[in-house]
Amino acid sequence: MTTFAEELKTIEEKVKAHLSDGRFQHCLRVKDYAIKLAKENHLDEEQAALAGLVHDYAKERPAEDFLKVIDQFDLDPDLKNWNRSIWHGVVGAVMIREELGINDPAILDAVVNHTTGDGVAMSPLAKVVFMADYLETGRTFPGVEEARKITDQSLDAGVFYQLKHTLAFLADQGNPIYPKTVASYNEWARHFSSK
Ligand code: GDP
Ligand code: FE
Ligand code: FE
């Protein structure tokens, strides 16, 4: 019988083989932060660890790989108008299923939503991975300590904090914003607004 630790090690080797060292170390830190947030929120730590470890598995793949998977698996053709920033989660989840053999729908859903977030019905595991990606110990952006404190108090408040700041950052840079990121922001803004 394979233990969870052995399974995690096997997956870890495969993730490592597909990523630069810097990105791989980020994945290990996201795994650790996801475990911390899972503990705080009484969620399954093994699911959180695995989802955190694999979340950026596809981040360094050539564009052709993503375009092929979009066709082969009949994903939304509008995806072709975007880029790796968006593809590595939504399309990357298919690669993780096909290439790493991870079939747990909750883990795949957390990977799909890790860049854009999702509305208020977002699963607890997806929230954990979304926040662990933002808050892992290697992140140093201004406000990260505040964001960590807020998230320790409330995972939902953390999700809204991240969406608010990412949207503002993308707009400030003049970047296009993926519609799902805007939709996620709107749902949480309504949820937290008294108006
Ligand atoms: P990373 O993979 O660990 O770097 O983190 P993410 O998966 O959260 O984000 C990947 C990149 O996508 C970052 O540079 C984000 O700023 C960017 N990003 C997040 N949401 C959007 C969006 O809606 N539109 C665009 N164009 N970029 C986004
Ligand atoms: Fe990512
Ligand atoms: Fe990441």
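Please read these numbers as outputs of a predicted model, since none were measured by experiment. In listed order, ligands and their atoms are each counted from 1. Reckoned from all heavy atoms, side chains included, excluding hydrogens, waters and symmetry mates. All residue numbers refer to positions in the sequence shown, counting from 1.
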At a non-hydrogen distance cut-off of under 4.0 Å, which region of [X] contacts ligand 1 (side chain, backbone, both, or neither)?
X: Arg84; value: neither
X: Thr181; value: side chain
X: Leu170; value: side chain

Item to check | Contacting atoms of ligand 1, where contact means under 4.0 angstrom from a heavy atom of Arg23 | outcome: 1 (P), 2 (O), 3 (O), 4 (O)
Quick check on [X]: does its [atom1] atom have over 12 non-hydrogen neighbours (other residues, nucleotides or ligands) under 6.0 Å away?
X: Lys16; atom1: NZ; result: no
X: Lys164; atom1: NZ; result: yes
X: Phe169; atom1: CZ; result: no

Check if [X] has a non-hydrogen atom at a distance under 4.0 Å from any atom of ligand 1.
X: Ile177; answer: yes
X: Asp56; answer: yes
X: Gln173; answer: no

Would a hydrophobic clustering, with Ile, Leu, Val, Met, Phe, Trp and Tyr connected at side-chain separations under 4.5 Å, put [X] with [Y]?
X: Val129; Y: Tyr185; answer: no
X: Val69; Y: Ile107; answer: yes
X: Phe24; Y: Met95; answer: yes
X: Leu50; Y: Leu125; answer: yes
X: Ile102; Y: Val112; answer: no

Checklist entry - Is there a side-chain contact (heavy atoms from CB on, under 4.5 Å) between Glu99 and His18 once you walk through the steps? => result CA-CA 11 Å; Glu99 299 172 19; His18 280 81; 4.2 Å; yes
Purely on distance, is any nitrogen or oxygen of [X] under 3.5 Å from one on ligand 1?
X: Ile86; result: no
X: His26; result: yes
X: His114; result: yes
X: His88; result: yes
X: Asp133; result: yes

Checklist entry - Among protein heavy atoms, which lies nearest atom 14 (O) of ligand 1, and at what distance? => result Ser85 OG, 4.6 Å
Checklist entry - Looking at atom 10 (C) of ligand 1, what's its closest protein heavy atom, distance included? => result Lys59 NZ, 3.4 Å
Next on the checklist: Restricting to distances shorter than 2.8 Å, give the number of protein N, O or S atoms close to the Fe ion (ligand 2).
Outcome noted: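 Number of qualifying protein atoms: 3.
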Checklist entry - Are Lys9 and Glu12 within salt-bridge range, i.e. N to O under 4.0 Å? => result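 A salt bridge links Lys9 with Glu12.
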Item to check | Glu145 bridged to Arg148 by N-O distance under 4.0 Å | outcome: yes
Checklist entry - So Tyr161 and Tyr134, side-chain contact (heavy atoms from CB on, under 4.5 Å) or not? Walk me through it. => result CA-CA 11 Å; Tyr161 181 99; Tyr134 192 56; 3.8 Å; yes
Item to check | His26 near the Fe ion (ligand 3) via N/O/S, less than 2.8 Å | outcome: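 For His26, the answer is yes, given that an N, O or S atom comes within less than 2.8 Å of the Fe ion (ligand 3).
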Checklist entry - Do the rings of Trp188 and His191 sit parallel, tilted or perpendicular, given the 30° and 60° boundaries? => result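 The arrangement is perpendicular - the two ring planes meet at more than 60°.
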Checklist entry - Using 30° and 60° as the class limits, which term best fits the ring planes of His55 and His26: parallel, tilted or perpendicular? => result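 His55 vs His26 ring planes: perpendicular.
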Item to check | Point-to-point distance, once rounded to the nearest 0.5 Å, from CG of Asp109 to OG of Ser123 | outcome: 5.0 Å
Checklist entry - Is atom 21 (C) of ligand 1 close to the protein, meaning a heavy atom under 4.0 Å from it? => result yes
Checklist entry - Can you find a protein heavy atom under 4.0 Å from atom 1 (P) of ligand 1? => result yes
Item to check | Of the listed options Pro179, Pro176, Ser184, closest to atom 24 (N) of ligand 1 (non-hydrogen atoms) | outcome: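 When every heavy atom of Pro179, Pro176, Ser184 is considered, Pro176 comes closest to atom 24 (N) of ligand 1.
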Item to check | Shortest reach to atom 7 (O) of ligand 1 by a heavy atom, considering only Thr115, Leu163, Val182, Thr116 | outcome: Thr115
